[in-house]
Amino acid sequence: MTQRLFAELGLSEPLLQAISRLGFEKAAPIQAEAIPLILAGNDVVGQSQTGSGKTAAFAIPAVEFVESKHHAVQVLILCPTRELAVQVAEEVYKLAAFKRGIHPLPIYGGQSYDRQIRALKQGAQIVIGTPGRILDHLERGTLNLQFVRMAVLDEADEMLDMGFRDDIEKILGAISGERQFICFSATMSKPILELIRTYAPNAKTVRIEHKILTVPTVEQAYYESRGHSKTEILTRLIDLYDLKLGIIFCNTKRMVDTLTEELVARGYSADRIHGDMSQSQRDRVMLKFRSSGLEFLVATDVAARGIDVDNVEVVFNYDLPWDEEDYVHRIGRTGRIGRSGRAFSFVAGREIYKLQSIERFTRTKISRHQVPSLEQVEEKRTNIFFERIRKSLQRGQFREESRIVDRLLEQGFSSTDIACALVHELRKDEGQRVDSPVKSEAMTASSGLAGNDRKRRSKSTDKRGSNNRGRKRRR
Ligand code: AMP
């Protein structure tokens, strides 16, 4: 696995700032390979799937190259669909956040020509468009490709499958002068290879090779997040399976922060670990996690490297990793030393492609499960509660308690009513008790929370007991 930080790729400060704001912690393998080659001026052909981080692999050097003072189209990115063009334009926009005067512009069919012409006249330097509409603008004379220094074909196989070959060739033919040619495609079919031979015979090829890894035998399932937030599904699963020790992986530091706060706000005992925290902060969180003072650790891949905790029951892929090897490393944190473990992944929209490539790489089938309903979660919790009471009854000997019950009986209440009232109080208490939710290390550091508070928190979660103390449930 290629593990490289963006700072090692020779990028300028404004780009590094933008990447840091996006919360990317390390370069995806395709980025680590392609970015230095593109920056060095090579034509590059990359074989990569959606979800591999390929957009940033070409968008970062594109933003790096553009001269902001020159108000002409300098980078042209061709995409198969309007949706993808908009998505790529958004990513370019975010990456250009700290480089002043860069104007990306998506151009696609269905939007008014006037708006697009106006934006082109205002000096857009990075144009991201579908071949049909780009060609229309060329033929109308409203798009000038004279100053283009970089042409990118994104999802080239899709574009050819959709019959855009002639359009692409006409567009590429209209770019005069020296330009870099970048092509990303999930597959390398014959027509694509022909295109590359014509337009970039000396292109460097980037393909991500994987080591053969042993996939741990843990139960793997995925949930589609359609209609539910991932956090909602996550908390339902924690409640349904009564999970008490798990790692939740996110792809960005920002997502780790957000999710930790959401979990804490919902009353779960969770803390975070990511690359923006100091070593001593990370050590403290890990100590808490190991010593049962914390139920859920929310982490990025980089920060979680080397975490070695034996009885982790579950690994959640809140975000699917873009690197299939990371998936294997992640799920290997559970089911250690012959124990059973679970790996649950959440899939939103296009992430299904990532899941498919993980299945191909690991040669395993990850089964799709239905998101449990609130009723199912409730029923399961009732069963757990029932079991608890039954075991307590079997253990017997309630001398102290029987005095209270006798007093209530003397006052004329029936034993059934007394039992019902006790169950009611107990369950109400379980649902509403807020034993000061566990605040995160990072939050503690920034807000300067005093030690007393932390003591109270760890007391509320110090035994990973059977009754989920300290967990406020919100339904
Ligand atoms: P793509 O393959 O370009 O469609 O990217 C898939 C998703 O991964 C996008 O939402 C990107 O914002 C995100 N992404 C790309 N590079 C990184 C990175 N280095 N770290 C974390 N997320 C990334």
Any side-chain donor-acceptor pair under 3.5 Å between [X] and [Y]?
| X | Y | result |
| --- | --- | --- |
| H274 | D257 | yes |
| Y318 | S345 | no |
| E64 | S12 | yes |

Any Lys/Arg nitrogen of [X] or [Y] sitting under 4.0 Å from an Asp/Glu carboxylate oxygen of the other?
| X | Y | value |
| --- | --- | --- |
| K365 | E359 | yes |
| D326 | K26 | yes |
| D239 | K380 | no |
| R381 | E387 | no |
| E351 | K230 | yes |
| E295 | K244 | no |
| E324 | R360 | no |
| D43 | K204 | no |
| E91 | K94 | no |

Less than 4.5 Å apart, any side-chain heavy atom of [X] and any of [Y]?
| X | Y | value |
| --- | --- | --- |
| R342 | Q220 | no |
| I126 | H103 | no |
| V152 | L78 | no |
| V314 | T334 | no |
| R226 | V371 | no |
| F249 | D319 | no |
| T130 | I107 | no |
| I247 | F289 | yes |

Over all atoms of both residues, closest heavy-atom pair of [X] and [Y]:
| X | Y | result |
| --- | --- | --- |
| R330 | P321 | NH1-CD, 3.3 Å |
| A56 | P61 | O-CD, 4.0 Å |
| A203 | V45 | CB-CG2, 3.6 Å |
| V86 | P106 | CA-CB, 4.5 Å |
| T260 | A270 | CG2-O, 4.1 Å |
| G132 | F164 | N-CE2, 4.0 Å |

So, [X] side chain and [Y] main chain: donor-acceptor pair closer than 3.5 Å or not?
| X | Y | value |
| --- | --- | --- |
| K99 | P14 | no |
| N42 | V44 | no |
| S229 | E232 | yes |
| D271 | L297 | no |
| E219 | A343 | no |
| R272 | V285 | no |
| R254 | R21 | yes |
| Q281 | S278 | yes |
| Q376 | S373 | yes |
| S185 | T187 | yes |

At what distance, to the nearest 0.5 angstrom, does [atom1] of [X] lie from [atom2] of [Y]?
| X | Y | atom1 | atom2 | answer |
| --- | --- | --- | --- | --- |
| W322 | S48 | CH2 | OG | 13.0 Å |
| F6 | L16 | CZ | CG | 9.0 Å |
| E262 | L259 | CD | CG | 6.0 Å |
| R4 | Q31 | CZ | CD | 12.0 Å |
| N317 | F346 | CG | CZ | 9.0 Å |
| I30 | Q47 | CD1 | CD | 9.0 Å |

Taking atom [atom1] as the centre, does [X] end up with more than 12 heavy-atom neighbours from other residues, nucleotides or ligands that are less than 6.0 angstrom away?
| X | atom1 | answer |
| --- | --- | --- |
| R368 | CZ | yes |
| E401 | CD | yes |
| E13 | CD | yes |
| F398 | CZ | yes |

For this session: Start with the C-alpha gap between I248 and L263, add the side-chain angles, then the distance that decides, and say whether side-chain contact (heavy atoms from CB on, under 4.5 Å) holds.
Result: CA-CA 11 Å; I248 307 163; L263 286 175; 3.7 Å; yes
Problem set entry | Candidate pair R266 and T231, rule side-chain contact (heavy atoms from CB on, under 4.5 Å), full reasoning | CA-CA 10 Å; R266 287 177 181 228; T231 308; 3.9 Å; yes
Problem set entry | Stepwise side-chain contact (heavy atoms from CB on, under 4.5 Å) check, F58 with M150 | CA-CA 10 Å; F58 61 76; M150 184 190 280; 5.8 Å; no
Problem set entry | Residues Y327, I331; criterion side-chain contact (heavy atoms from CB on, under 4.5 Å); working and verdict | CA-CA 6 Å; Y327 178 84; I331 70 170; 3.8 Å; yes
Exercise. Would you call the rings of F344 and Y223 parallel, tilted or perpendicular if under 30° counts as parallel and over 60° as perpendicular?
Worked result: perpendicular
